[in-house]
Amino acid sequence: MNRYNFKSIETKWQNYWEKNKSFKVKTDPSKKKFYCLEMFPYPSGKIHMGHVRNYTIGDVLARYKFLKGYNVLHPMGWDSFGMPAENAAKQNNLDPKKWTETNILNMKTQLKKLGLSIDWDREISTCNKDYYKHQQAFFLELFEKKLVYRKENYVNWDPIDETVLANEQVIDGKGWRSGAIVERKKLSQWFFNISKFSQELLDGLEKLNSWPNKVKIMQKNWIGKSFGCEIDFRIEGDLPVNNIKCFTTRPDTLFGFSFLALSIDHEVSKFFRDNKDFLRFKNECSKTGTTEEAIAVGEKIGFKTNLKAINPLNPKQKVPVYFANFVLMDYGFGAVFGCPAHDQRDFDFAKKYDLEIKTVVKPFDKNKNFKVINEAYPGPGILINSGFLNDLEAPEESVLKTIEVLEEKKLGRKQINFRLKDWGVSRQRYWGCPIPIAYDENGKAYPIPKSMLPVELPENIDLNVKGNPLDTQNTWREVTIDGKKLLRETDTLDTFVCSSWYYLRFCSPRETAYGFKKEDIDYWMPVDQYIGGVEHAILHLLYSRFFMQALSYENSDFKILEPFNGLFTQGMVCHETYKDPDNNWISPDELEIIDGKKYLKKNKSIIVSVGPSESMSKSKKNTIDPENIINNYGADAARLFILSDSPPEKDVQWSEEGILSSYKFIQKLWNLNEKVINEIKKDHSNDADTEIKKFTNKYLKKIHDNLESFSYNKIVANLYEMYSFLSKQIEKPYTKHTLTDNYQKILIVMTPIIPHFANECLNILNIKDIKWPDYDLSMLKEELVNIVIQINGKKRALIQTKPNIDEEKLFEIIMNNEKIIKYLDQKTIKRKIFIKDKLLNIII
RNA sequence: GGGGCGAUGGUGGAAUUGGUAGACACGCCAGUCUUAGGAACUGGUCGAGCAAUCGGUGAAGGUUCGAGUCCUUUUCGCCCUACCA
């Protein structure tokens, strides 16, 4: 027997697909389409196992749909703007563009070795001016629609990367990449008005039935809609402040009002600009970090003003006004009305400053003398000590009633509040898409005319300067528009902008007039299946959804509101971790395993301890290089293994034993293939034909169902089962026609998983017309069925009979079964439960 | 603090609507064979027991003829989010 030479065979098929452009597609409304998209990679230089998993999952789906007769759009591109290129360029004195292009070339070669069914003619790269030109046009389009605006605002400033971060890029008060403690800085920034579409983005989630619930919940929480009331508090005191607005979801607890708390950035703070005590307090607030720990324990501190706030429902009551560290400026109005009895933070604050704690809601099971003592009671109940609100049910009844009264008095009004903030898109970075704006000497912003696009990034510039390198490009900055001399914006766009519309570009990748062609997106969009990591659940996916809202806004031609019809989030790839006695991480390549038990460091007999399996990361040195795997075991083995062990949505553990067994399995399939070819030549009688037909049909259904439900790990199990059947049954008498036909079907359903191997075998059999084989429902009926016989719900016997047997007949049969008779032991049968062809339960 | 997901052999995981728990794979054990290979093949592998049997899906209850699956309580783990008024 020949050994299966994966190297030559995989190369042969990859060349074949490339040469024949097997996966090239065109817009063709006469065909049913399927748009299969995986999140495009950042060109870091090398693919990692996460990519292998992501793109294998997508490829299985794309190849399956392709064989099913769909016109499948399965493209690939590069999210190629961003900081790593700029950092690498700075460190090694390189050009970010060249660095990026080299990386793309490397990664493209690697991806091709995986045997993906990609239409490479549609390849795009976001740092290419043919791409970002259209992005700049979109920016101007949004500018015209007033969906983009400029605002002087506090921003998160990363002092190491010297750049502004979005709220989402700040994790525990630190920059998501650099880990530096984030500072606050006031800068003029461009914003996309995403909050305008808060309601639309929330409503849209309802229709996304093929999205994981988890992701929808995360987005819902992020948008953070809350129903409540805006209240105007009259203010008395020694400052020219008459009125302070608050947002609250619990206006019904107003009778428990005991203080008003303001954010340190509230506009009232301007009167304290020169107050040393206030400045000291402000400084202290900034020290109480924003880490998880600090917030959990977080002491509530305040700075008392001489102002008094008047309770709108009880004008006689006047309470102190504080600045407090727990009030956020960017939620509501940066002011909170304090009701200590029914809010834990207010409670903590009141305890500290000895403020009144008045109970106004009692739980349903407590009497009217209920008093809040040790902790706040935020739950539902009945209003007490609250004048006209007494005896109403909280929160529903009481909140509505309070709003009604406040509206009458013109001291408040119903309000819906969203947590979602506008999207700041300015970045003080070189390697990004230039913002197509220029300013006159007064700082007034002018859009660059569309005829002058793209605003190209200058090349070959010195990056080793503090701040944004574009600030130093004086010649580049100067631009004349309508005879006016202006200076260009030097900020570039957040790279999330690039990835917010790339899926549209894949539909018309070479269109020059606009970012896409209407007839192309009308045909291909929305993406039928989007596949990627759950880490993009909020940002990228929400921004992309916003982009569709923005493009369709005031534009009846653009009707796509949701870009991704189906979403699948795959799990991570994990590997065991290893450490030497000095607690240094050891990579799997440095290991030597003796007798499968002893782990030693190669060439040194240092004993290595084995740690838990964790997601692959360079810092823990538990990564496996896909290129080595492909070179050693082949792409098919890698694909087979990465799909085999765990369901695609869960984490998978990479192991040497696992990849080896997949490799061996392909060799076994190859040996089987030679046997099958021999048997086909023999052309036996048809004695076993029905048997193999039934078998094949059963597995066609299983695989079909598993493909449709993303149960790819079960498909691998199905392949093993099919191998097991064939290798045992192959010498039975089949006619040439039946064996060929069935074996061919089995090979075809293997092609999505192990395309090189399966196509090679099909080719040897000279099968050219490859279509997905449908199963035949009528053939799924079994000639014999197993019926479980239970006594009192416990399985006692298994009877094999013809299907459709009725209860009486079955009972007759089992009355001759010694085992059963023994159990019945002359006892009276109280009841019988019969389910046809499945079960008979006898109750005694 | 809020929200979500999960818990099944030594391991990863199967188990369509409640109806044979442990498919398939790894690992392990035993054996066969050889041109000694990254071998291949055959059999076994939830626990206890010689066996008949009995017990068994994190724990405790419940519904049901019957529960891994449904309900209640609880423990643990993971993920997201967070002073959101």
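Chain identifiers are assigned alphabetically (A, B, ...) following the order of the sequence lines, protein sequences preceding nucleic acid strands; residue numbering begins at 1 within each chain.
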Just call it for [X]: base, sugar-phosphate, or nothing, with non-hydrogen atoms closer than 4.0 Å on any strand.
{"X": "Leu328(A)", "answer": "base"}
{"X": "Tyr720(A)", "answer": "sugar-phosphate"}
{"X": "Val652(A)", "answer": "nothing"}
{"X": "Phe665(A)", "answer": "nothing"}
{"X": "Ser644(A)", "answer": "nothing"}
{"X": "Asn213(A)", "answer": "nothing"}
{"X": "Asn221(A)", "answer": "sugar-phosphate"}
{"X": "Ile217(A)", "answer": "sugar-phosphate"}
{"X": "Lys668(A)", "answer": "sugar-phosphate"}
{"X": "Asn786(A)", "answer": "base"}
{"X": "Lys714(A)", "answer": "sugar-phosphate"}
{"X": "Gln344(A)", "answer": "nothing"}

Watson-Crick or G-U wobble partner for [N], using a 3.5 Å limit on both distances?
{"N": "U45(B)", "value": "G27(B)"}
{"N": "C70(B)", "value": "G62(B)"}
{"N": "U57(B)", "value": "none"}
{"N": "G1(B)", "value": "U81(B)"}
{"N": "C76(B)", "value": "G6(B)"}
{"N": "A51(B)", "value": "none"}
{"N": "U20(B)", "value": "none"}

Could you give the distance separating [M] and [N] at their [atom1] atoms, to the nearest angstrom?
{"N": "A15(B)", "M": "U81(B)", "atom1": "C1'", "value": "35 Å"}
{"N": "G12(B)", "M": "A67(B)", "atom1": "C1'", "value": "25 Å"}
{"N": "G4(B)", "M": "G55(B)", "atom1": "P", "value": "38 Å"}
{"N": "G10(B)", "M": "U57(B)", "atom1": "P", "value": "13 Å"}
{"N": "G77(B)", "M": "G58(B)", "atom1": "C1'", "value": "10 Å"}
{"N": "C50(B)", "M": "G66(B)", "atom1": "C1'", "value": "32 Å"}
{"N": "A82(B)", "M": "G68(B)", "atom1": "C1'", "value": "35 Å"}
{"N": "A48(B)", "M": "G2(B)", "atom1": "P", "value": "44 Å"}

Is it true that the side chains of [X] and [Y] contain a donor and an acceptor less than 3.5 Å apart?
{"X": "Gln199(A)", "Y": "Lys225(A)", "result": "yes"}
{"X": "Tyr331(A)", "Y": "Ser226(A)", "result": "yes"}
{"X": "Asp422(A)", "Y": "Ser195(A)", "result": "yes"}
{"X": "Asn804(A)", "Y": "Lys836(A)", "result": "yes"}
{"X": "Asn678(A)", "Y": "Glu674(A)", "result": "no"}

Among the nucleotides [options], which one has an atom lying closest to any side-chain atom of [X]?
{"X": "Trp222(A)", "options": "A82(B), U17(B), U20(B)", "answer": "A82(B)"}
{"X": "Arg345(A)", "options": "G38(B), U20(B), C83(B)", "answer": "C83(B)"}
{"X": "Asp645(A)", "options": "G13(B), G19(B), G12(B)", "answer": "G12(B)"}
{"X": "Glu657(A)", "options": "G38(B), G13(B), C26(B)", "answer": "C26(B)"}
{"X": "Ala717(A)", "options": "C65(B), A23(B), G19(B)", "answer": "A23(B)"}
{"X": "Ser226(A)", "options": "G4(B), A82(B), A85(B)", "answer": "A85(B)"}
{"X": "Ser661(A)", "options": "A85(B), G13(B), C26(B)", "answer": "C26(B)"}
{"X": "Arg419(A)", "options": "U20(B), G38(B), C84(B)", "answer": "C84(B)"}

Exercise. Would you state whether a donor and an acceptor, one from the side chain of Lys838(A) and one from the base of U17(B), lie under 3.5 Å apart?
Key: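 In this structure, the two groups form a donor-acceptor pair.
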Quiz item: Can you find a donor-acceptor pair, distance only, under 3.5 Å between Lys830(A) side chain and C65(B) base?
Solution: no
[N] [atom2] sits how many Å from [X] [atom1], rounded?
{"X": "His575(A)", "N": "G12(B)", "atom1": "NE2", "atom2": "P", "result": "16 Å"}
{"X": "Lys728(A)", "N": "C41(B)", "atom1": "NZ", "atom2": "P", "result": "11 Å"}
{"X": "Lys794(A)", "N": "A52(B)", "atom1": "NZ", "atom2": "P", "result": "16 Å"}
{"X": "Ile842(A)", "N": "G19(B)", "atom1": "CD1", "atom2": "C1'", "result": "15 Å"}
{"X": "Trp654(A)", "N": "U11(B)", "atom1": "CH2", "atom2": "C1'", "result": "17 Å"}
{"X": "Tyr723(A)", "N": "C24(B)", "atom1": "OH", "atom2": "P", "result": "14 Å"}
{"X": "Leu262(A)", "N": "A85(B)", "atom1": "CG", "atom2": "C1'", "result": "13 Å"}
{"X": "Ile833(A)", "N": "G19(B)", "atom1": "CD1", "atom2": "P", "result": "15 Å"}

Are [X] and [Y] close enough for a salt bridge, meaning some N to O gap below 4.0 Å?
{"X": "Asp705(A)", "Y": "Lys701(A)", "answer": "yes"}
{"X": "Arg413(A)", "Y": "Asp232(A)", "answer": "yes"}
{"X": "Lys216(A)", "Y": "Glu206(A)", "answer": "no"}

Exercise. Kindly write out the residues that satisfy ring pair (Phe, Tyr, Trp, His ring centres under 6.0 Å) with Trp670(A), not counting sequence neighbours, or none if the list is empty.
Key: Tyr4(A)
Quiz item: Which comes earlier along RNA chain B counting from the 5' end, the contact point of Asp346(A) or that of Leu839(A), where each point is its nearest nucleotide?
Solution: Leu839(A)
Quiz prompt | Residue whose nearest RNA chain B nucleotide is more 5′ - Lys795(A) or Asn713(A) | solution =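 Counting from the 5' end, the first nearest nucleotide belongs to Asn713(A).
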Quiz item: Does Tyr331(A) place a side-chain N or O at less than 4.0 Å from the phosphate oxygens OP1/OP2 of A85(B)?
Solution: yes
Quiz item: Counting only side-chain N and O atoms of Arg796(A), is one of them less than 4.0 Å from OP1 or OP2 of U53(B)?
Solution: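 No.
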Quiz item: Is the glycosidic angle of G9(B) within 90° of 0, making it syn, or outside that range, making it anti?
Solution: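 Glycosidic conformation of G9(B): syn.
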Practice problem: Apply side-chain hydrogen bond (donor to acceptor under 3.5 Å, both in side chains) to Asn632(A) and list each qualifying residue two or more places apart in sequence or on a separate chain. | Solution: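 None.
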